[in-house]
Amino acid sequence: MTGGKIIITGASSGIGEAVAYAFAKRGAALYLVARRGERLQAVVGECLKLGAVRAEAGLHDLSIEGKGAEVVEAGKETLQGLDVLICNAGYGLYGPLEEIDPAQMARLWQVNYQSGYESIHAALPDFQQQGRGHIVVVSSVIGKTALPLSSTYCATKFAQVGMAEALWGELHGSGVEVSLICPGYTKTEFASSSVRTESASMFNRVGGDPPETVARAIVKAVERRKRVVILTFPGRFFWRLNRFFPNLTARLVAWFINRNR
């Protein structure tokens, strides 16, 4: 893919930052969204150096209701159109359900799921009118297979998976594409910035794929119109094991998590 007008949320670090650089190298026009202005401006500057025909920062707090739609309207106005919407914003919240306050869950839901839903809802009329467009939903392997001590986070990721898979069917044949991306552990600041109770301290894991690997997968998904991409070898193994042996997988995961608590 060369060129294109692209909105990327959660673009100040991690996967979003890597995706911005990957599309910048292809001469895209970018509207990059995050809350941290200084970090986001640094990413914008690097994108311009890498070849983006345009890169603009959009400071939006997606924990606020309605901001997802505002992102799309601002991005369309800035870029004078839209070809690709990449819903990547999100953060982690881990711990036993009884230790997670409902207000914490409400904020997580707004950032991880609802803001993306708002953005997609706002982008669809233009995509359908022009008969083309691409929606990328960045979910997680544990949006396919749940882990204990992550019921809140899994709920948002399962919702993303369900929405993306159903939306693909709704839009099939319309010229508007949907790609669902399910990364496993990725080497970003996601783990260190996640919120966790003491019971879930084991989720402070490091390692995994570099974000550039996920970014390449997202670019490929857009270029080749791929419906679902599941990343990392452990992630694919875990997903396949659960697909064919769900009871065994649930018991093994529960044993492993509780043993390490």
Side-chain angles (χ1 to χ4, degrees), residues 1 4 6-11 14-16 18-20 22-23 33 62 68 71-72 82-92 108-124 127-128 132-147 150 153-186 188 190 208-209 211-243 246:
M1 176 181 179
I6 303 172
I7 293 175
I8 306 171
T9 65
I15 292 171
V19 172
F23 279 111
V33 177
L62 293 177
V71 161
V72 170
L82 182 61
D83 298 308
V84 182
L85 170 64
I86 301 177
C87 299
N88 169 71
Y91 69 98
L108 184 77
W109 181 263
Q110 175 63 39
V111 175
N112 287 15
Y113 174 77
Q114 189 69 21
S115 68
Y117 182 95
E118 293 166 358
S119 293
I120 293 167
H121 187 268
L124 274 175
F127 280 171
Q128 290 175 313
R132 59 180 174 79
H134 204 121
I135 297 163
V136 178
V137 178
V138 182
S139 182
S140 170
V141 168
I142 60 173
K144 288 279 193 177
T145 306
L147 290 179
S150 59
Y153 182 69
C154 283
T156 66
K157 295 297 162 177
F158 267 74
Q160 286 182 311
V161 168
M163 174 184 65
E165 292 185 347
L167 186 60
W168 183 91
E170 292 173 15
L171 297 174
H172 184 56
S174 70
V176 183
E177 304 293 337
V178 180
S179 293
L180 171 66
I181 312 297
C182 295
Y185 282 111
T186 309
T188 69
F190 179 87
D209 280 353
E212 292 78 13
T213 299
V214 184
R216 286 194 295 271
I218 290 173
V219 170
K220 187 181 293 185
V222 173
E223 291 178 338
R224 301 184 182 181
R225 302 177 181 180
K226 299 184 76 171
R227 187 176 68 88
V228 181
V229 179
I230 299 175
L231 291 161
T232 74
F233 174 78
R236 288 189 291 270
F237 175 79
F238 183 47
W239 169 68
R240 289 192 177 99
L241 184 67
N242 183 69
R243 183 180 180 185

For side-chain contact (heavy atoms from CB on, under 4.5 Å), just list the numbers for K226 and I181, CA-CA rounded to whole Å, side-chain angles, deciding distance to a tenth of an Å, and then say yes or no. CA-CA 9 Å; K226 299 184 76 171; I181 312 297; over 6 Å; no
Work out which heavy atom in I142 is nearest to a heavy atom in C154; give both atom names and the distance. O-SG, 3.4 Å
So how far is it from R243 CZ to F238 CZ, rounded to the nearest 0.5 Å? 15.0 Å
Mind telling me whether H121 and Y117 have parallel, tilted or perpendicular rings, with 30° and 60° as the class edges? parallel
Y153 and N112: CA distance, side-chain angles, deciding distance, side-chain contact (heavy atoms from CB on, under 4.5 Å) verdict: CA-CA 8 Å; Y153 182 69; N112 287 15; 3.6 Å; yes
Output for pair (L180 CG, E165 CD), nearest 0.5 Å, gives 6.0 Å
Could you walk me through whether S115 and T9 pass the side-chain contact (heavy atoms from CB on, under 4.5 Å) test, one step at a time? CA-CA 10 Å; S115 68; T9 65; over 6 Å; no
Should V161 and K144 count as side-chain neighbours, where that means a heavy-atom distance under 4.5 Å? yes
Whether over 12 other heavy atoms sit under 6.0 Å from F158 CZ: yes
Which heavy atom of I230 sits nearest a heavy atom of W239, and at what distance? CD1-CD2, 3.5 Å
Within this structure, what is the CD1-CD1 distance for the pair I8 and I86, rounded to the nearest 0.5 Å? 4.5 Å
Measure from the side-chain N and O atoms of T145 to the backbone N and O of G143, and report whether any donor-acceptor pair falls under 3.5 Å. no
Between I120 and C87, the two heavy atoms sitting closest are CG1-SG, 4.0 Å
Residues two or more places apart in sequence or in another chain: which of them pass side-chain hydrogen bond (donor to acceptor under 3.5 Å, both in side chains) with S179? H134
Given the rule in the side-chain contact (heavy atoms from CB on, under 4.5 Å) test, do L124 and L171 qualify, once you have shown the distances and angles that lead to the verdict? CA-CA 10 Å; L124 274 175; L171 297 174; 3.8 Å; yes
Which atom names give the shortest non-hydrogen contact between I15 and P183, and what distance separates them? CD1-CG, 4.1 Å
Close side-chain approach of Y185 and V141, heavy atoms under 4.5 Å: no
Might you confirm whether atom CZ of R224 has over 12 heavy atoms from other residues, nucleotides or ligands at distances under 6.0 Å? no
So which atom in A89 and which in G10 form the shortest heavy-atom distance, rounded to 0.1 Å? CB-N, 3.9 Å
Partners meeting side-chain contact (heavy atoms from CB on, under 4.5 Å) with R132 (sequence neighbours left out): D83, Q130
Heavy-atom pair with the smallest gap, counting every atom of Q110 and L62: CG-O, 3.3 Å
Could you tell me whether the side chain of Q160 and the main chain of V137 form a donor-acceptor pair under 3.5 Å? no
With rounding to the nearest 0.5 angstrom, report the CD1 to CH2 distance, I135 to W168. 13.5 Å
